[in-house]
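Step one of this worksheet: look at the structure below.
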Amino acid sequence: MAASFFSDFGLMWYLEELKKEEFRKFKEYLKQMTLHLELKQIPWTEVKKASREELANLLIKHYEEQQAWNITLRIFQKMDRKDLCMKVMRERTGYTQTYQAHAKRKFSHLWASKSVTEIHLYFQEEVKQEECEHLDHLFAPKETGKQPRTVIIQGPQGIGKTTLLMKLLMAWSDNRIFRDRFLYTFYFCCRELRELPATSLADLISREWPDPAAPVTEIVSQPERLLFVIDSFEELKDGLNEPDSALCDDVTEKRPVQVLLSSLLRKKVLPEASLLVAVQPVCPKELRDRVAISEIYEPRGFNESDRLVYFCCFFKDPKRAMEAFSVVRESEQLFSICQIPLLCWILCTSLKQEMQKGKDLTLTCQSTTSVYSCFIFNLFTPEGAEGPTPQSQRQLKALCSLAAEGMWTDTFEFREDDLRRNGVVDTDIPALLGTKVLLKYGERESSYVFLHACIQEFCAALFYLLRSHLDHPHPAVRSVQELLVANFEKTRRARWIFLGCFLTGLLNRQEQQKLDAFFGFQLSQEIKQQLHQCLKSLGEHGDPLGQVDSLAIFYCLFEMQDPAFVKQAVNLLQKADFHIIDNADLVVSAYCLKYCSSLRKLSFSVQNVFKKEDEHSSTSDYSLVCWHHICSVLTTSGHLTELQVQDSTLSESTFVTWCNQLRHPSCRLQRLGINNVSFSGPSGQLFEVLFYQPDLKYLSFTLTKLSRDDVRSLCDALNYPAGNVKELALVDCFLSPIDCEVLACLLTNNKKLTYLNVSCNDLDAGLPLLCEALCNPDTVLVYLMLAYCHLSEQCCEYISEMLLHNKSVRYLDLGANVLKDEGLKTLCEALKRPDCRLDSLCLVKCFITVAGCEDLASALISNQNLKILQIGCNEIGDVGVKLLCGALTHPNCRLEVLGWVLPNSWLRKTDFDEETQALLMAEEERNPNLTITDDCDTVTRVEI
């Protein structure tokens with residue numbers, strides 16, 4: 001990015017205000033004025049052809065910034081554009097500078113007050129140059145100078161979103177970023193604003209101004225020069241759910257805060273303004289649905305070198321810093337949480353406390369729970385004392401009660417009455433603030449938050465080791481059993497990150513000893529029994545709706561660090577479905593699966609762990625050990641019959657390990673899905689699996705790219721005499737017409753394959769070969785799926801020929817191919833023949849019109865075998881439906897299911913006129929054997 005970019009851009013704002021003729025005059029005045037002032041001339045040919053942006057660039061390049069602005073201002077005066085002169089003068093010397101000075105004072109103070117320790121303040125003192133450049137780039141115009149931008153900053157709590165916003169606002173106040181891009185930047189924190197009564201956008205702006213008389217009219221006169229920074233958007237309940245009619249477009253209109261902010265985000269008010277919105281990861285879907293997002297930025301937090309520097313700054317003694325860092329680096333979980341600055345501080349504080357006591361740091365780093373328990377118990381133990389005082393025990397119990405209430409009510413900001421209800425008396429508050437576990441929030445005196453959501457989660461988990469939920473003063477607090485079930489659900493509460501892990505982590509023997517030492521009692525055994533019962537129930541009832549997150553279960557069991565219990569627990573489960581996205585997930589999954597011997601179904605993905613490009617640096621030995629533990633389930637779990645690996649990237653070493661386990665005699669899979677998987681290494685090893693798996697009946701390579709050699713090797717393996725694969729899915733595998741030759745040989749020679757799905761491949765030119773093979777009377781294929789195969793109406797001739805000669809194919813899916821009425825006519829000629837055995841036909845989205853319905857109606861009357869017809873998403877309208885209904889009333893028609901498939905179909909019952917709807921209903925009532933439906937599940941058996 002050029003150093004002068006945003007100065008050029010500032011001039012461009014004003015040149016954009018000139019009409020075409022005014023801009024031409026501006027150039028003439030420029031030529032005259034530079035001659036009059038005896039300045040260096042810009043070549044007139046360059047000036048004459050320059051756009052507004054190019055001219056701004058030329059001015060800055062030839063005359064330096066201040067002189068360029070002075071020249072521009074004098075030309076505006078000559079042109080009698082007093083409005084632009086006034087704006088320039090105010091921008092250069094007036095309101096903007098006044099507000100910047102105020103913003104600098106405010107955000108410097110706010111930043112300092114939010115820093116937990118001096119080291120935080122030191123370590124993140126100011127925005128780095130690369131951050132400035134990146135933030136500048138986020139709001140750089142992509143097309144025209146006045147294009148507004150809406151940028152989302154998303155990430156977990158503590159990753160540095162608010163820190164980044166504070167640093168950004170301080171950098172803007174110093175003219176280090178957004179120079180000449182934004183005249184004003186206003187910061188709105190949703191957590192603070194949500195309590196306000198109805199107000200206006202003008203009032204919100206005035207709240208940020210240094211004195212009561214905010215020049216609102218002047219501020220909003222150039223909305224394209226405004227940036228609104230919205231922090232903690234997730235704190236607004238139903239923040240974007242208002243209908244468009246409820247939004248406001250007047251900055252002076254008083255409305256609820258969430259309506260005002262929604263109006264800003266949805267460009268109802270000040271649509272030319274730009275927005276920067278910080279949210280936790282739970283919110284982006286809502287934003288994507290309602291807001292035109294320009295870009296999403298995810299702060300990285302501390303990288304590995306940042307973490308090392310932080311440890312050195314914190315411990316000061318290099319030897320101690322390296323000792324602590326080395327221990328943490330051995331744990332993927334702990335090293336991962338160090339990415340979040342505040343959690344890094346908590347971890348360092350815990351290690352320093354244990355070092356001072358001469359404790360073994362490896363015990364402290366045994367689990368995440370161990371770190372937090374050390375942190376909390378040390379804070380509530382008086383310095384130099386052997387144990388806690390009765391007062392500190394009571395204070396911690398009260399804090400745990402408050403935390404539990406907050407987790408179940410989704411509350412993270414508490415008032416004094418909340419504290420009192422849970423046993424925190426007024427005299428306890430200074431002591432709790434002194435521990436930094438509890439902090440004052442914002443400018444309100446009586447508002448408090450936990451230091452971090454993880455601290456609140458830990459205290460909430462600790463509550464269950466101390467009291468029954470029945471003893472809690474708030475009815476929303478539920479039982480351990482309900483907590484565990486909710487924690488294991490994929491759709492669990494958005495803020496429940498570590499709650500379940502902390503609860504199970506506190507059941508570890510070492511943590512029980514800490515609890516005994518601090519409180520003298522605990523409910524560990526009761527909770528362990530409830531955890532066992534919860535997992536047993538999940539195992540017995542299965543997971544028919546796919547709602548259980550196996551990784552959440554694995555993390556909870558890993559946190560216990562109790563091999564005997566883990567082995568017992570994982571063998572209560574019959575199904576595991578999880579996604580590995582980093583090394584921590586890999587370690588946790590491997591730890592649990594190595595004990596597993598009772599799984600029946602396993603489904604997982606591996607991302608960001610074993611990448612192809614990592615082959616040059618080789619995968620770490622420890623990662624390979626973990627991967628081996630995961631793959632070994634294929635041989636150690638004797639009941640495992642179904643495996644699906646999806647959305648994964650495997651390196652050569654991990655691919656070979658996986659194939660070796662698949663080929664093991666103890667692996668007895670019946671269903672194998674390899675969907676959207678890329679791998680390095682000899683693909684032939686994967687297809688050789690078919691030589692060793694006589695029980696395998698279903699094989700899918702959906703979304704996995706297969707080369708021509710891969711297809712040939714696969715088909716050769718499928719023809720192996722001992723193989724028994726009956727169902728093959730090659731959906732969206734980048735197959736080409738050339739591959740049809742090999743597939744045709746497979747269909748001719750294989751006497752076991754009854755199901756073939758080659759949808760979403762370009763097979764038009766190769767279809768004649770498939771149809772020719774299926775004309776062989778010895779073929780056994782029953783289901784043939786050819787949806788989205790780029791088939792044309794000419795293909796219907798080959799399909800028709802196949803239908804007349806083939807006696808086995810019963811289900812044919814031709815959906816989403818351009819068959820048109822001409823192709824359907826050819827197809828119907830075959831359907832009318834009595835020797836056509838087809839009983840299910842899908843013609844969804846085949847560009848069929850009313851004319852095609854005449855031929856289809858005739859075929860329905862003639863065909864005695866066709867039982868299921870899908871014909872959604874075709875433009876047949878009411879007339880076409882009436883033609884089909886006429887055929888349905890004929891005594892020769894044997895159709896049992898007529899399906900309108902897919903949303904927004906032309907053929908949904910509610911889309912027809914009243915007469916047509918009456919016809920459909922009457923036909924359904926008349927014929928008890930006929931179902932007319934728009935439910936795809938009742939119509940077809942397509943497996944992708």
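Sequence positions, counted from 1, serve as the residue numbers for this chain.
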request  = To the nearest 0.5 angstrom, please state how far the CG atom of Leu347 sits from the CG atom of Leu342.
outcome  = 11.5 Å

ask   = Is NZ or CZ of Lys352 both nearer than 6.0 Å to the six-membered ring centre of Phe315 and within 45° of the ring axis?
value = no

inquiry  = Nearest 0.5 angstrom please: Cys365 SG to Leu334 CG, how far?
reply    = 5.5 Å

Nearest-0.5 Å distance that lies between atom CD in Glu242 and atom OG in Ser262 = 4.0 Å

query = Side chains of Leu168 and Tyr187: closer than 4.5 Å at any heavy-atom pair?
reply = no

Check: Glu354 and Lys357 side chains under 4.5 Å, non-hydrogen atoms = yes

query = Taking it one step at a time, do Phe554 and Phe558 satisfy ring-ring contact (aromatic ring centres under 6.0 Å, His included)?
reply = CA-CA 6 Å; Phe554 294 164; Phe558 178 84; over 10 Å; no

inquiry  = In the structure I gave you, are the side-chain heavy atoms of Val548 and Phe578 within less than 4.5 Å of one another anywhere?
reply    = no

message = Please report whether the ring centroid of Phe228 lies less than 6.0 Å from that of Phe188.
response = yes

task = Take the angle between the ring planes of Phe458 and Phe377 and call it parallel below 30°, perpendicular above 60°, tilted in between.
result = perpendicular

query = Sequence neighbours excluded, which residues qualify as side chain to side chain contact (heavy atoms under 4.5 Å, CB included) partners of Ala590?
reply = Cys626, His629, Ile630

query = How many angstroms lie between atom CG of Leu531 and atom CG of Leu503, to the nearest 0.5 angstrom?
reply = 8.0 Å

query = Heavy atoms, side chains only, cut-off 4.5 Å: are Thr369 and Asn508 in contact?
reply = no

Within residues 462-471 or reaching into it, pairs that qualify as side-chain hydrogen bond (donor to acceptor under 3.5 Å, both in side chains) - sequence neighbours excluded = Trp408-Tyr464

Side-chain donor/acceptor of Ser550 to backbone N/O of Asp577, under 3.5 Å = yes

message = When you measure from the side chain of Ser589 to the backbone of Leu586, do you find a donor-acceptor pair of N or O atoms at a distance under 3.5 Å?
response = no

message = Donor-acceptor check, side chain of Gln456 to backbone of Thr411, threshold 3.5 angstrom: yes or no?
response = yes

message = Determine whether a donor-acceptor pair (N or O, by modelled atom type, separation under 3.5 Å) exists between the side chain of Thr504 and the backbone of Cys501.
response = yes

query = Is it true that the side chains of Ser401 and His472 contain a donor and an acceptor less than 3.5 Å apart?
reply = yes

ask   = Hey, what's the ring geometry for Phe375 with Trp345, parallel, tilted or perpendicular (30° and 60° as the breaks)?
value = perpendicular

query = When the ring centroid of Phe302 is compared with that of Tyr310, is the distance short of 6.0 Å?
reply = yes

message = Run the salt bridge (charged side-chain N to carboxylate O under 4.0 Å, His left out) test against Arg420 and tell me which residues pass, sequence neighbours left out.
response = Glu416, Asp426

inquiry  = Is it the case that the side chain of Lys514 and the backbone of Leu506 share a donor-acceptor pair, with hydrogens and angles ignored and the cut-off at 3.5 Å?
reply    = no

query = When you look at Asp549 and His579, which way does the side-chain hydrogen bond (donor to acceptor under 3.5 Å, both in side chains) test go after all the steps?
reply = CA-CA 9 Å; Asp549 182 358; His579 303 285; over 6 Å; no

query = So, Phe414 versus Tyr448, ring centres under 6.0 angstrom or not?
reply = no

request  = Not counting sequence neighbours, list each pair that qualifies as a side-chain hydrogen bond (donor to acceptor under 3.5 Å, both in side chains) and has a residue in residues 330-343.
outcome  = none

query = Can you tell me if Lys161 uses its side chain to pair, donor with acceptor, with the backbone of Asp231 under 3.5 Å?
reply = no

note = Taken in chain and number order and not counting sequence neighbours, the residues that satisfy salt bridge (charged side-chain N to carboxylate O under 4.0 Å, His left out) with Glu323 are none

task = Could you verify whether a donor N or O on one side chain and an acceptor N or O on the other, from Ser370 and Ser373, lie under 3.5 Å apart?
result = no

ask   = Does some side-chain heavy atom of Arg300 sit less than 4.5 Å from a side-chain heavy atom of Asn303?
value = yes

message = Can you confirm whether the side chains of Glu298 and Gln154 place a donor and an acceptor under 3.5 Å from each other?
response = yes

query = Does Arg329 count as lying over the ring of Phe335, i.e. NZ or CZ under 6.0 Å from the six-ring centre, within 45 degrees of the axis?
reply = yes

task = Say whether, by atom type as modelled, one donor and one acceptor occur between the side chain of Gln353 and the main chain of Asn378 under 3.5 angstrom.
result = no

query = So, Asn422 side chain and Asp418 main chain: donor-acceptor pair closer than 3.5 Å or not?
reply = yes

query = Would Arg307 and Glu304 satisfy salt bridge (Lys or Arg N to Asp or Glu O under 4.0 Å), going step by step from the backbone distance to the final call?
reply = CA-CA 5 Å; Arg307 293 172 228 191; Glu304 182 162 354; over 6 Å; no

task = Decide yes or no for Ile455 and Ile376: does some side-chain heavy atom of the first lie under 4.5 Å from some side-chain heavy atom of the second?
result = yes

Close aromatic pair by centroid cut-off 6.0 Å: Phe450 and Phe412 = no

query = Restricting to pairs with a member in residues 378-405, which pass salt bridge (charged side-chain N to carboxylate O under 4.0 Å, His left out), not counting sequence neighbours?
reply = Arg394-Asp428, Glu405-Arg421

